Amino acid sequence: MNTYRYILPLMFAALLSLTGCQEHYVTYEDAEYIGFSDTLSVVAVQDSSLISIPVISTVNRDYDRTVAVEIVDSKSNAVEKLHYALESNTVTIPAGSNKGEVLLRGFYDNMVSTDSLCFTMKLVMTDKLLMGDGSEETRIQLRKVVPFKLEDFTGWCVFTSMFHREFQQPYQRLVKTYKVDGKENAILCRNMFNEGYDVELCFDNSDPLSGIVTMPEEQIVSDEATFFGQTKGDNHIRAVHSPLAPSFFFTNEKMPYIALWSMLYVKNLGEMVGTVGHFYSVMEWISEKEARRLSKEDGLPGFFEEKN
């Protein structure tokens, strides 16, 4: 029996069937959805500079896409035109991109640092562009932040440290701070942990909402005998910012301050002897008049007269 008489017609029929299926394939354009990149943003208002709130699309197009932006009054306590203003009531995602931005300005002079001001924006567009996850709305929290100036962290401050409390010493003392020559964002703290020992602190103000303070390593902040009553290493207590918690500085209209976490330790012949501990301290800047009063009336140690 010649089986090819049956196999060949079947193969030919199968090929026709496959060709027919291919002719009915349909290619659909990728669906597009648009929304805010974040549903909550905290923004720093330091002047009248523009603030960008990102809007994204799920795809790129070869044409611009523009949607309307409106304020949801029922979800806002910040007042438009008083606390902030939108640059435009629309946002455009340009051709060849999947990103756009809503631009707004905060009115620094119309806010105070203790304000809790928020408003909600909504993208107004057809339902087919909605992602379905609520991203067509975003809540904006406006936070007034006094611009960082190193000068605000120089002069007299009250230094309150758990290190001194731990070793049964007066836990508050007056410390005078100075700019460090040749360094843009650093101060020298005179007699910080102990008389005769100065400590350097460095500021990172790249994020106005989260200013960081660090301490260069290997700084000698005291002798050992003053606090331990004996020498366990090379008679130096050293300090560096604690690896367990960050330290922050806060600009303030009335009293700038630092929340400092430091690690104190002891070495001998260059080798670690042991960690004294991780200690929390607060530095609050005050006027010289107030420093003099606290020294005289409250007996806070550390005040001294400048030598000409």
Side-chain angles (χ1 to χ4, degrees), residues 32-58 60-61 63-153 203-212 248-257:
E32 179 175 18
Y33 302 99
I34 295 176
F36 288 103
S37 62
D38 294 297
T39 55
L40 173 64
S41 297
V42 181
V43 298
V45 178
Q46 294 189 297
D47 49 31
S48 59
S49 299
L50 285 172
I51 299 167
S52 174
I53 307 299
V55 174
I56 59 171
S57 168
T58 54
N60 289 1
R61 297 294 191 208
Y63 52 85
D64 292 350
R65 288 137 292 164
T66 299
V67 298
V69 181
E70 68 176 22
I71 303 300
V72 183
D73 291 332
S74 61
K75 299 180 180 179
S76 307
N77 68 346
V79 179
E80 192 174 8
K81 307 298 184 184
L82 175 64
H83 300 122
Y84 71 95
L86 300 183
E87 286 293 289
S88 173
N89 290 323
T90 62
V91 56
T92 297
I93 300 175
S97 175
N98 70 334
K99 297 178 182 178
E101 57 182 353
V102 177
L103 297 176
L104 62 94
R105 296 182 190 273
F107 298 137
Y108 180 89
D109 292 335
N110 294 341
M111 303 167 61
V112 296
S113 297
T114 54
D115 281 342
S116 180
L117 297 171
C118 298
F119 67 94
T120 297
M121 291 190 297
K122 182 178 182 179
L123 300 176
V124 183
M125 53 194 174
T126 61
D127 289 346
K128 72 176 184 178
L129 292 175
L130 296 176
M131 292 186 182
D133 59 358
S135 60
E136 73 275 8
E137 289 191 3
T138 186
R139 186 168 178 81
I140 307 298
Q141 180 179 338
L142 301 171
R143 185 177 297 174
K144 180 175 182 176
V145 179
V146 177
F148 170 75
K149 292 187 296 184
L150 189 63
E151 293 79 5
D152 293 339
F153 294 89
F203 296 79
D204 179 356
N205 65 321
S206 55
D207 181 355
L209 292 172
S210 183
I212 299 294
F248 299 99
F249 70 86
F250 300 87
T251 56
N252 191 289
E253 293 169 315
K254 295 182 179 180
M255 183 188 293
Y257 66 98

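Since this is a predicted model, take the numbers as computed values, not measurements.
Annotation: the span from L130 atom CG to S135 atom OG amounts to 8.0 Å, rounded to 0.5 Å. Rounded to the nearest 0.5 Å, atoms CD1 (I53) and CD1 (I140) are 3.5 Å apart. The line from OG of S41 to CE of M121 is 7.5 Å long, rounded to the nearest 0.5 Å. Between R105 atom CZ and L50 atom CG the span is 4.0 Å, to the nearest 0.5 Å. Rounding to the nearest 0.5 Å gives a distance of 15.0 Å between CZ of R139 and CG of D38. How far OG1 of T90 is from CD of E70: 13.0 Å, rounded to the nearest 0.5 Å.
Note: F119 and Y84 have parallel aromatic rings, judged against thresholds of 30 and 60 degrees for the angle between ring planes.
Between F248 and S210 there is a side-chain heavy-atom pair separated by less than 4.5 Å. Between M125 and R65 the shortest side-chain heavy-atom distance does not fall below 4.5 Å. Between I71 and L86 the shortest side-chain heavy-atom distance falls below 4.5 Å. Proximity of V124 to V67: side-chain heavy atoms (C-beta onward) are nowhere separated by under 4.5 Å. D133 places none of its side-chain heavy atoms less than 4.5 Å from the side chain of T39. Counting heavy atoms from C-beta outward, V55 and F36 have side chains that approach closer than 4.5 Å.
Counting heavy-atom neighbours within 6.0 Å of Y257 OH, excluding the residue itself, gives a total of 12 or less.
In terms of modelled atom types and a separation under 3.5 Å, the side chain of N252 and the main chain of K254 share a donor-acceptor contact. At least one donor-acceptor pair under 3.5 Å links the side chain of N60 to the backbone N or O of N98. When atom types are taken as modelled, the side chain of D204 and the backbone of I212 share no donor-acceptor pair closer than 3.5 angstrom. Judged purely by atom type and a 3.5 angstrom limit, K144 uses its side chain to pair as donor or acceptor with the backbone of Y108. The closest donor-acceptor contact from the side chain of N77 to the backbone of C118 lies under 3.5 Å.
When every heavy atom of G100 is checked against every heavy atom of I93, the shortest pair comes out as N-CG1, 4.0 Å. The two atoms that bring V145 and P208 nearest to each other are CG1-O, 3.4 Å, heavy atoms only. The shortest heavy-atom contact between G35 and M131 is N-CE, 3.7 Å. Across every non-hydrogen atom of E32 and S57, the tightest pair is OE2-OG, 2.7 Å.
For the side-chain contact (heavy atoms from CB on, under 4.5 Å) with L142, the qualifying choice from V42, V43, D115 is V43, the only one to do so.
Side chains of T66 and T92: a donor-acceptor N/O pair is present below 3.5 angstrom, by distance only. Defined by atom type and a distance below 3.5 Å, a donor-acceptor pair is missing between the side-chain atoms of T120 and E137.
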Practice item. I would like to know whether D152 and T251 meet side-chain contact (heavy atoms from CB on, under 4.5 Å); could you show each step before the answer? Key: CA-CA 8 Å; D152 293 339; T251 56; 5.7 Å; no
Check your understanding: What do the steps show when you test S52 against L103 for side-chain contact (heavy atoms from CB on, under 4.5 Å), and what is the final call?
Key -> CA-CA 5 Å; S52 174; L103 297 176; 4.0 Å; yes
